[in-house]
Number of protein chains: 2
Amino acid sequence: MNIGEASTLSGVSAKMIRYYESIGLIEPPARTASQYRVYADDDVHTLRFVRRSRDLGFSLEETRELLALWHDKSRASADVKKLAMAHVRDLEAKAAELSAMADTLRHLATHCHGDHRPDCPILSDFAAGAPTQRKA
Amino acid sequence: MNIGEASTLSGVSAKMIRYYESIGLIEPPARTASQYRVYADDDVHTLRFVRRSRDLGFSLEETRELLALWHDKSRASADVKKLAMAHVRDLEAKAAELSAMADTLRHLATHCHGDHRPDCPILSDFAAGAPTQRKA
DNA sequence: CTTGACCTTCCCATGATGGGAAGCCCCATA
DNA sequence: TATGGGGCTTCCCATCATGGGAAGGTCAAG
């Protein structure tokens with residue numbers, strides 16, 4: 001099948017499929033005489049794997065490791081679980097960070113009248129703040 | 001004061017100060033005869049405002065709007081609150097999305113033995129999945 | 001006057017993705 | 001068979017916010 005069909009079946013854009021190939025995340029497929037890429041069902045399988053990994057927030061580098069683990073029949077499940085749980089902690093930390101920002105802002109907004117008057121504690125706070133601690 | 005001091009006082013890197021100037025987010029400061037940028041206390045104030053905005057997850061474009069609102073003495077506080085609350089919803093949506101990813105992955109990991117054996121439902125799931133619904 | 005810290009501009013890199021141009025290829029239909 | 005349209009190819013550029021670093025000028029203290 002051509003790249004278009006592989007894209008449709010896997011849910012990965014043709015653009016990204018070529019990109020993944022260029023960075024060595026996936027194997028270069030066979031080509032027709034006119035240089036068209038030719039994919040097999042197995043390739044679609046791999047592309048779906050990548051997509052699922054991306055959808056769960058793994059970076060392409062992490063996805064590369066997961067693919068390696070997937071192909072390595074002899075690795076222990078502990079290796080996979082370790083990577084997954086580290087990522088879970090990352091995701092939760094990021095989620096908490098965003099929630100904290102939302103809470104802070106929501107709190108500031110509570111004290112803003114939100115009417116025709118110009119006074120607004122939100123901007124006053126912005127203006128007043130000393131340099132805050134930066135996120136890691 | 002020079003850019004270094006303004007950077008220290010505001011918590012915005014010199015690199016970013018120059019960048020903010022280049023995209024018109026902040027006003028170009030005066031220059032010495034030798035082209036050194038010269039900042040006043042007010043400029044540090046503005047830089048802190050920008051930093052606070054960024055720390056609360058506003059994009060530079062949103063920050064630009066906030067700065068405009070800040071300088072506009074006649075705008076209603078409702079305008080500010082509206083922008084802030086829209087951003088709160090954005091932040092909360094992103095946080096929820098990350099949490100959902102974490103939950104999914106944590107659930108998968110629950111079923112992974114995490115020992116020396118190679119079987120791992122995490123990767124099996126990755127490999128099996130049909131194209132899932134993409135995030136908006 | 002030298003030295004070292006600071007400043008200037010300019011270019012490049014990141015991560016993941018999309019947009020689009022220029023040019024070939026393939027198939028169906030007129 | 002010719003033509004048109006859609007798919008494929010590569011290549012370059014843009015995004016968003018930030019950092020790194022080179023090459024060179026400046027300033028202040030010793």
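Residue numbers start from 1 in every chain, and the chains themselves are labelled A, B, ... in the order their sequence lines are given, proteins ahead of strands.
Side-chain contact between A:Met1 and A:Asp41 is present, with at least one heavy-atom pair separated by less than 4.5 Å. The closest side-chain heavy-atom distance from A:Leu123 to B:Leu69 is below 4.5 Å. Looking at B:Met85 and A:Arg106, their side chains come closer than 4.5 Å, going by heavy atoms from C-beta outward.
In this entry the distance linking OH of B:Tyr36 with P of D:dC27 reads 6 Å, nearest Å. Atom C1' of nucleotide C:dC7 and atom CZ of B:Arg37 are separated by 9 Å, given to the nearest angstrom. When the P atom of C:dT9 is taken as reference, atom OH of B:Tyr19 falls 16 Å away, rounded to whole Å. Between the CZ atom of B:Arg51 and the P atom of D:dA17 there is a distance of 16 Å, rounded to whole Å. To the nearest angstrom, P of C:dT17 lies 10 Å from CG of A:Leu25. Taking atom CD1 of A:Ile17 as the reference point, atom C1' of C:dG18 lies 15 Å away to the nearest angstrom. Rounded to whole Å, the distance from NZ on A:Lys15 to P on D:dC11 is 12 Å. Regarding B:Gln35, its CD atom lies at a distance of 16 Å from the C1' atom of C:dC6, rounded to whole Å.
Both A:Ser34 and B:Val38 lie near DNA chain C, and the one whose nearest nucleotide falls closer to the 5' end is B:Val38. Between B:Tyr20 and A:Tyr39, the one whose closest nucleotide on DNA chain D sits nearer the 5' end is A:Tyr39.
Remark: B:Arg64 is not in phosphate contact with D:dC16, judged by side-chain N or O atoms under 4.0 Å from OP1 or OP2. OP1 or OP2 of C:dT9 lies within a sub-4.0 Å distance of a side-chain N or O belonging to B:Arg31.
For A:Ser13, counting side-chain heavy atoms from C-beta on, the closest listed nucleotide (C:dT8, C:dG18, C:dT17) is C:dG18. Residue B:Arg54 has its side chain nearest to D:dT18 when only D:dT18, D:dC8, C:dC7 are considered.
Separation of the A:Trp70 and A:Phe49 ring centroids falls under the 6.0 Å cut-off.
Within 4.0 Å of B:Ser59, counting heavy atoms only, lie sugar-phosphate atoms of the nucleic acid but no base atom. Within the 4.0 angstrom heavy-atom criterion, base atoms lie near B:Arg18.
Linking Ile, Leu, Val, Met, Phe, Trp and Tyr whenever their side-chain heavy atoms come within less than 4.5 Å leaves A:Tyr36 and A:Val12 in two separate clusters.
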